[in-house]
Protein chains: 2
Amino acid sequence: MTRPAPIRVVLADDERMVRTALRAILSAEPDLEVVGEAATGAEAVSVVRDLRPDVVLMDVRMPEVDGIRATEQILATVDEPPRIVVVTTFENDSYVYDALRAGAAGFLLKRADADALVQAVRLVARSDSLLFPAAVRTLATEHARAHPAPPEWAAKLTGREREVLRHMAEGLTNAEIARRMEVGPATVKSHVAAVLAKTGTRDRTQAVIAAYEAAFLNAG
Amino acid sequence: MTRPAPIRVVLADDERMVRTALRAILSAEPDLEVVGEAATGAEAVSVVRDLRPDVVLMDVRMPEVDGIRATEQILATVDEPPRIVVVTTFENDSYVYDALRAGAAGFLLKRADADALVQAVRLVARSDSLLFPAAVRTLATEHARAHPAPPEWAAKLTGREREVLRHMAEGLTNAEIARRMEVGPATVKSHVAAVLAKTGTRDRTQAVIAAYEAAFLNAG
DNA sequence: ATCCGCCTCCGCCGGACGGGGGAGGACGGC
DNA sequence: GCCGTCCTCCCCCGTCCGGCGGAGGCGGAT
């Protein structure tokens with residue numbers, strides 16, 4: 001059984017002690033190799049560019065350039081970028097969301113024990129398969145709110161009526177909508193009336209509310 | 001060095017072949033022990049209740065009760081419930097969101113290789129620390145949309161004006177708001193006018209749109 | 001060939017809305 | 001005590017909105 005190439009790891013954290021501790025933990029594993037360290041976000045970017053590691057453990061709070069920006073920069077400028085694991089202290093830290101958006105492959109809590117740490121590094125190195133924490137759960141519920149089952153009336157609206165509703169939801173008056181759609185104001189009034197009837201609302205404000213609640217603007 | 005207790009795993013999948021394959025992979029690891037199997041969601045619930053495993057690998061698609069419901073039921077009815085890893089085929093499967101909401105500790109792709117599988121089980125068993133896939137990234141961007149920085153005008157609104165705006169966003173007319181707030185219609189008009197001025201909008205519809213865009217209704 | 005849905009318009013009307021004033025009272029800070 | 005802010009309410013007026021009824025054309029379905 002030949003020994004495969006070790007997983008090359010870079011540590012980015014402004015506190016030397018943290019880096020030392022992480023290095024000690026990871027170096028104890030034969031399949032992990034800490035190839036570099038960085039104390040700032042900017043340094044992290046250049047170190048990664050030079051050493052091309054497989055995994056980066058990136059602290060969020062760092063001087064000059066924080067971990068989020070560093071992550072963005074690495075993913076944007078390095079080709080075949082490493083998997084970046086953002087390290088944070090609190091699970092509900094808003095940095096978590098930023099990290100996800102920035103393209104982090106995952107994140108770790110600082111209180112994670114040594115075992116979890118090395119397993120996380122291994123997993124993310126060969127990743128594809130993934131896992132989640134409580135913080136993300138709130139995201140899922142938000143997602144549910146943002147994507148409700150499209151209400152019955154959505155299907156009943158004709159093309160023109162949809163257009164008009166979309167324009168209403170932009171805050172346009174009937175006259176403006178008429179100009180925008182290159183039709184007469186009376187035509188717009190007809191469509192508006194149809195929209196109100198089909199949505200079961202009594203005025204344009206309620207119709208716009210219904211559109212927002214149905215996340216109508218996301219579709220089509 | 002004493003051997004710690006193995007991680008007890010239950011497999012829930014309606015296809016026998018899949019269960020056999022998973023069992024083969026996991027049993028090869030000395031620290032993992034497959035203690036039970038289930039072919040349906042309902043069976044999974046009772047098996048978990050009896051065997052109290054540390055981790056459950058739960059397929060999403062199963063006869064009778066699907067994996068999501070089974071997950072919900074287990075987490076709701078079993079105390080000290082196991083970590084449940086939902087197994088799915090496609091990363092963008094909408095089941096992923098449902099799984100998160102249901103309280104799954106994570107999810108795995110069926111195409112994950114054996115190594116990733118066992119590492120995921122180990123990680124989730126001692127979890128707390130976690131990682132993410134591309135699917136969740138969309139959640140993060142949604143989160144950003146749902147929680148924009150509160151606009152400047154939000155701070156300028158007086159208490160009454162906030163109230164009025166909230167009622168406007170419910171689709172009430174000035175007269176209705178007046179009744180609701182137990183003040184005169186003229187008072188409501190004043191507040192509405194103030195809201196329009198401060199939000200920089202010209203009519204109630206635009207004000208309501210501004211409120212929605214600012215996620216004004218979430219706050220306060 | 002006929003019917004039905006959709007799009008396009010018209011006029012009329014009452015009511016709601018928004019703009020422009022102004023005014024009085026309560027409350028708290030300076 | 002004075003001033004500023006907020007809440008309360010009043011007037012008038014022009015505009016826009018929504019409800020109602022009607023109408024013509026056009027294209028697809030049957």
Side-chain angles (χ1 to χ4, degrees), chain A residues 150-214 216-220, chain B residues 150-214 216-220:
Chain A
E152 342 63 58
W153 55 257
K156 294 182 180 168
L157 293 183
T158 69
R160 255 353 207 177
E161 287 158 3
R162 276 172 223 281
E163 264 183 84
V164 169
L165 177 52
R166 225 177 313 275
H167 286 128
M168 284 193 275
E170 291 170 21
L172 303 182
T173 66
N174 287 341
E176 286 169 336
I177 296 173
R179 283 194 287 277
R180 201 72 82 82
M181 291 175 64
E182 294 181 325
V183 296
T187 304
V188 175
K189 279 193 69 173
S190 296
H191 292 316
V192 170
V195 168
L196 296 182
K198 291 183 182 176
T199 56
T201 54
R202 70 173 170 213
D203 57 41
R204 71 200 297 99
T205 302
Q206 287 190 349
V208 168
I209 292 170
Y212 266 88
E213 296 289 355
F216 180 79
L217 314 134
N218 299 336
Chain B
E152 343 63 58
W153 56 256
K156 294 181 180 169
L157 293 183
T158 69
R160 253 355 203 180
E161 288 159 0
R162 278 173 220 279
E163 264 183 85
V164 169
L165 176 53
R166 230 179 304 277
H167 286 127
M168 285 192 275
E170 290 171 23
L172 303 182
T173 66
N174 288 340
E176 286 168 336
I177 297 173
R179 282 194 287 277
R180 201 73 81 82
M181 291 176 64
E182 294 181 324
V183 296
T187 305
V188 175
K189 278 194 66 173
S190 297
H191 292 316
V192 169
V195 169
L196 296 183
K198 292 183 182 176
T199 56
T201 53
R202 71 173 169 213
D203 58 42
R204 73 203 295 98
T205 302
Q206 288 192 348
V208 168
I209 292 170
Y212 266 87
E213 297 289 356
F216 180 80
L217 314 132
N218 299 337

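Proteins get letters first, then strands, A, B, ... in listed order; numbering begins at 1 in each.
Atom pair E163(B):CD and dT8(D):C1' shows a separation of 14 Å (rounding to whole Å applied). Residue L172(A) contributes atom CG, which lies 15 Å from atom C1' of dC17(D) at whole-angstrom precision. Between the C1' atom of dG18(D) and the CE atom of M168(A) lies a distance of 12 Å, rounded to the nearest Å. Summarising the geometry, the separation between CG on N174(B) and P on dC10(D) is reported as 14 Å, rounded to the nearest angstrom. One atom, CG of L196(B), and another, P of dC16(D), lie 15 Å apart when rounded to the nearest Å. We find that NE2 of H167(A) is positioned 19 Å from C1' of dC16(D), with the value rounded to whole Å.
In this structure, T173(A) reaches the sugar-phosphate backbone alone: every heavy-atom distance under 4.0 Å involves primed, P, OP1 or OP2 atoms, never a base.
A 4.5 Å side-chain heavy-atom check between W153(B) and L165(B) finds at least one atom pair inside the cut-off. Residues R202(B) and T173(A) are in side-chain contact: their nearest non-hydrogen atoms beyond the backbone lie under 4.5 Å apart. A heavy-atom distance below 4.5 Å is not found between the side chains of H191(B) and I177(B). Using a 4.5 Å heavy-atom threshold, the side chains of R204(B) and N174(B) count as touching. Looking at heavy atoms from C-beta onward, T205(A) lies out of side-chain contact with M168(B) at the 4.5 angstrom threshold. At a threshold of 4.5 Å between non-hydrogen side-chain atoms, the residues R160(A) and M181(A) count as touching. Using a 4.5 Å cut-off on side-chain heavy atoms (C-beta onward), R166(B) and E163(B) make no contact. Two residues are said to be in side-chain contact when any heavy atoms from C-beta on lie closer than 4.5 Å; R180(B) and E170(B) meet this criterion.
Each of G184(B) and K189(B) was assigned the nucleotide of DNA chain D with the nearest heavy atom; the assignment lying further toward the 5' end belongs to G184(B). Each of K198(A) and V183(A) lies near DNA chain C, and the nucleotide nearest K198(A) is the one positioned closer to the 5' end.
For Q206(B) (side chain) and G171(A) (main-chain N/O), a donor-acceptor pair under 3.5 Å exists by modelled atom type. Judged by distance alone, the side chain of K198(B) and the main-chain N or O of K156(B) form a donor-acceptor pair under 3.5 Å.
Checking dC16(D), dC9(D), dC7(D) against every side-chain atom of A186(B), the shortest atom distance belongs to dC9(D). Proximity note for R160(B) (side chain, C-beta onward) versus dC7(D), dC12(D), dG19(D): the nearest is dC7(D).
Rotation axes derived from the C1' atoms of the five outermost pairs at either end of the helix from dA1(C)-dT30(D) to dC30(C)-dG1(D) lie 50° apart, to the nearest 10°.
For the segment residues 200-207 of chain A, the set of residues with a heavy atom within less than 4.0 Å of an atom of DNA chain D comprises R202(A), D203(A), R204(A), in numerical order.
Closest of all the heavy-atom pairs between A207(B) and V195(B) is CB-CG1, 4.4 Å.
In 5' to 3' order, the nucleotides of DNA chain C bounding all contacts with chain B (an atom under 4.0 Å from a heavy atom) are dC17(C) to dG19(C).
Using a 4.0 Å cut-off, some side-chain N or O of T158(B) falls inside it from OP1 or OP2 of dC7(D).
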